[in-house]
Structure formats: structure tokens, C-alpha cells
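A short worksheet on the structure shown next.
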Amino acid sequence: MNEYAPLRLHVPEPTGRPGCRTDFSYLHLSDAGQVRKPALDVEAADTADLCTGLIRVLDGQGQALGPWAEDIDPQLLRQGMRAMLKTRIFDSRMVTAQRQKKMSFYMQSLGEEAIGSAQALALNRSDMCFPTYRQQSILMARDVSLVEMICQLLSNERDPLKGRQLPIMYSVREAGFFTISGNLATQFVQAVGWAMASAIKGDTKIASAWIGDGATAESDFHNALTFAHVYRAPVILNVVNNQWAISTFQAIAGGEASTFAGRGVGCGIASLRVDGNDFLAVYAASRWAAERARRGLGPSLIEWVTYRAGPHSTSDDPSKYRPADDWSHFPLGDPIARLKQHLIAIGHWSDDEHAAVSAELEAEVLAAQKQAEQYGTLANGHIPSAASMFEDVYKDMPDHLRRQRQQLGV
Ligand SMILES: Cc1ncc(C[n+]2csc(CCOP(=O)(O)OP(=O)(O)O)c2C)c(N)n1
């Protein structure tokens, strides 16, 4: 007699599928103000409890509570609000432009606007961010030209990347925004190398690495953590856990009954798990991690808990794999609504100002779009010259590429 029942393969499933309601209790939330703030030189092992709790500052009434509630200049919060609003308005406008076939593809960051914008405001412009395709809020917080961004999206004659890259794969070196690559996770390990270089040169710049929950399953994630730990690289390792990787739930990337922050501790890296929809918490945690890196105290890993409110991309229909009203039940809410509530509570914002700033930003995005479209859209065929396709493959064009260019007759 065999005393063991037959083994069964465990395949994680989300609780909510179309037509159902998600049970978000798996998030294990803490109340605002409940999670402690450790010393900057904390040992990685002593952050284990911070990887299961959730650092939150804003409560349900928009009050800032607890040890992570810093004395933030309201001016900075207003700047953050503008960056978030601008991101959301830009995204929505570009989704429409994609539907109008002016561009081939787009990816919005609906619901995740606080993370990139608050961290960008907590860093120096010369610190290099290694983003994924969902951190356009960094570009907004750093006031990058909307016209140039839209020209990239349209792959037109003014596209700074000469039409070579899929829309949204921006590259803005002067704004500390590293060239985006389509290959998931590659930037995570490159960020660590950049941070190591900064340390080797005796510089004071730090790197900010970005990855999604799904992409943590890539080997580059693990390589990055090992190198960051071994060489005490001045880097912030940001994991944006928006619960979804296209149609796959975060549990199947390894988030079931464990947190992505916990991975950092296992690799000897001080780690935090933070409410990614709480602008004040994102800013405070980013400042803490940046300060550690700048003081030579080593890397930090931060898991940002958020929700991908929109489709994965313009090629995706999330109603096929998750409840259509899922975001409205997500317990961490909407980052813009939450900062708005706080700013109004402290007397530095109002509904009228919210409406006025939104209208102003709508007009700014629209004007930028009009200007960018003068240089061509997908629909009217004004694209960079085919001859430029052969440039920049190598520093100097080799003979075989010259011959190919001649064969094309351009
Ligand atoms: C190496 C690699 N594998 C697969 C893909 C296809 N792909 C693009 S985005 C994506 C999901 C990524 O999800 P996540 O890391 O959670 O980030 P999110 O899109 O949610 O921001 C996949 C599988 C890719 N671009 N690169």
C-alpha cells in the first residue's frame, strides 16, 4: 500500500476571472502609518518585516500618518500632481491617436502614475533611470518635450530615434532616461552595471532600475540582485507589482504567498514593500533608498504594490481574462484621487484648480500633438529616409552595409 496520494501540479490562478469578483485579501494590507521606518544603514536581514507589511502614508481621509510622513513642500506635491495628471491625459490622448491609426501601438500607465513621477522628483536629474515601457511618468516629471515624445510615437521625420523603434520605446539620455528595450528585464542588470561604474569613477550619481512583476521571472532580475549585493552598487531596484503581466496574474510570476520585496532580503538587499498608489509613500521610500545609495550604503529593493488599471497595451483586451470592474475594487484606489484628497485637505489644491490644471494640460498635449503631426503620422507616410536605416548599426558603416544601402538605391 502506498501511503502517499498522487502528486498534483500546482498552477496558481487569480480569484477573479471575467464575471467574478477578485478577492484582494491576498494583498495583506497594513493601515497608513503602521509600518516602521528603519535607519538608513539597516542590515538587509532586518528589513524582513518591511517586505510583508505595506508602507503607507495616506489614510482614507487623505491625512498623512506615521514615520514615513515627511515634511514635504506642498509645492513639490503640486508638481507631482501635475506630472501625474499630464501622464494620464497624455496616455488617454495617445490611445485615441492609436485607434485613429496615426500610430501603430501604445501602452498606457493608467493607475501607476505616482510611482515614476514621485521617484523622479526624489532623484536628481543626473541620476539615470533604466525604465520599462510603463514609466512615462518619469518623462513627465522631468518635463521632457511632448513634441519629441509624440514624434517618436509617430515614427515621423522628426522622430529622435529615426523610426527604428516601436512606439513608446523612448530614449532620452539628457533627462536620465535610458533607451528602452523590448526585451524584458535586460535593463535591470544594466542599471546595476551603470551604478557600479558610478562607484568605480568615484561619482555621486545613482541608478534607478525598473521592472514589472512578470519580468522578475527573467534571469536578468536575479543576476541584477546578485551583482547589486556583491558590489554594494548605488542602485534602487524598483519592482512594479501591478498584479498582471499581460494576461498572467502575479501569482504565476512567483507572488503567491510571498512578496517580490522578500526576494531582495534573500539576496542580502535591504527591501521595502510600499503602497504604489500613495504619492507620499512613494516619495518617502524613494528618498530613503536614494539616500542609502548616495551614502554608499548599498542597493535597496522596493516592491510597489499597484494595479494595472488599463489594458496591457493597445493590442490587449483585459476583459477576456479579468473582471471588467476590477480596478474599482482594488483597495489602494487611484493615485491621482488620493493625492488630490490630501492636497485639498492641507489647503493647497481645490476642485476648481484640479479642473483648470487638467484643462491646461489637455491643451498642452493637444498643441504638442498638432505640432508633432506636422512632421508626419503613420497614416500620411512621412517617415525618416530609408537611407538612415543603415546608420548607427556600427559607429562607422562597414562595406557590406554600404553595399546594401546602394542596392536599395537610396
Ligand atoms: C524576454 C521577453 N519575453 C517576453 C516578452 C513579451 N512581453 C512583453 S510585455 C510582457 C509582460 C510583462 O509584464 P510585467 O513585467 O508584469 O510588466 P507590465 O507589463 O505589467 O508593466 C511580456 C511577456 C518580451 N517583451 N520580452
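Please read these numbers as outputs of a predicted model, since none were measured by experiment.
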Check your understanding: More than 12 foreign heavy atoms under 6.0 Å from CZ of Arg295: is that the case here?
Key -> no
Exercise for review: Kindly state each residue pair satisfying salt bridge (Lys or Arg N to Asp or Glu O under 4.0 Å) with at least one member in residues 137-151, sequence neighbours excluded.
Suggested key: Lys86-Asp143
Revision key, fill the gap. Residue set satisfying side chain to side chain contact (heavy atoms under 4.5 Å, CB included) with Glu373, at least two apart, ordered chain then number -> Lys102, Leu154, Gln369, Thr377
Check your understanding: Just by distance, with hydrogens left out, do Asn277 and Thr306 show a side-chain donor and acceptor under 3.5 Å apart?
Key -> yes
Check your understanding: Of all residues at least two apart in sequence or in a different chain, which pass the ring-ring contact (aromatic ring centres under 6.0 Å, His included) check with Tyr375?
Key -> none
Practice item. Could you tell me how the ring of His400 sits relative to the ring of Tyr394: parallel (under 30°), tilted (30 to 60°) or perpendicular (over 60°)? Key: perpendicular
Practice item. Using a cut-off of 6.0 Å, state whether more than 12 heavy atoms not belonging to Arg287 lie near its atom CZ. Key: no
**Study point:** Under 3.5 Å side-chain donor-acceptor pair for Arg134 and His312
**Key:** yes
Review point. If you look only at pairs with a residue in residues 17-30, which of them pass as a salt bridge (Lys or Arg N to Asp or Glu O under 4.0 Å), with sequence neighbours excluded?
Key: Glu13-Arg17
Practice item. Using a cut-off of 6.0 Å, state whether more than 12 heavy atoms not belonging to Phe227 lie near its atom CZ. Key: no
Exercise for review: Taking side chain to side chain contact (heavy atoms under 4.5 Å, CB included) as the test, write out the residues that go with Glu43, two or more places apart.
Suggested key: Asp46
Check your understanding: In chain order, what residues pass the ring-ring contact (aromatic ring centres under 6.0 Å, His included) check against Tyr26, with sequence neighbours excluded?
Key -> Phe249
Point to revise | Sub-6.0 Å ring centroid separation between Tyr321 and Trp244 | key: yes
Exercise for review: Could you note down all residue pairs passing salt bridge (Lys or Arg N to Asp or Glu O under 4.0 Å) where residues 117-128 supplies at least one of them, sequence neighbours left out?
Suggested key: Asp127-Arg294
Point to revise | Those residues that, when tested against Phe260, pass ring-ring contact (aromatic ring centres under 6.0 Å, His included) (two or more places apart) | key: none
Exercise for review: Start with the C-alpha distance between Arg36 and Asp49, add both sets of side-chain angles, then the distance that settles salt bridge (Lys or Arg N to Asp or Glu O under 4.0 Å), and finish with yes or no.
Suggested key: CA-CA 9 Å; Arg36 71 188 173 94; Asp49 60 313; 2.8 Å; yes
Review point. Just one of Glu113, Glu360, Glu353 clears the salt bridge (charged side-chain N to carboxylate O under 4.0 Å, His left out) bar with Arg82, so which one?
Key: Glu360
Practice item. Sequence neighbours left out, what passes ring-ring contact (aromatic ring centres under 6.0 Å, His included) with Phe390? Give chain and number order. Key: none
Check your understanding: Who are the side chain to side chain donor-acceptor pair (under 3.5 Å) partners of Gln250, not counting sequence neighbours?
Key -> Asn241
Point to revise | Any donor-acceptor N or O pair under 3.5 Å, side chains Ser117, Ser137 | key: no
Practice item. Just jot down the side chain to side chain contact (heavy atoms under 4.5 Å, CB included) partners of Arg292, sequence neighbours excluded, or say none. Key: Leu40, Val42, Ala270, Trp288, Leu297, Ser300
**Study point:** Contacts of Val57 that satisfy side chain to side chain contact (heavy atoms under 4.5 Å, CB included) - sequence neighbours left out
**Key:** Ala64, Trp68, Ala69, Asp278, Leu280, Ala281
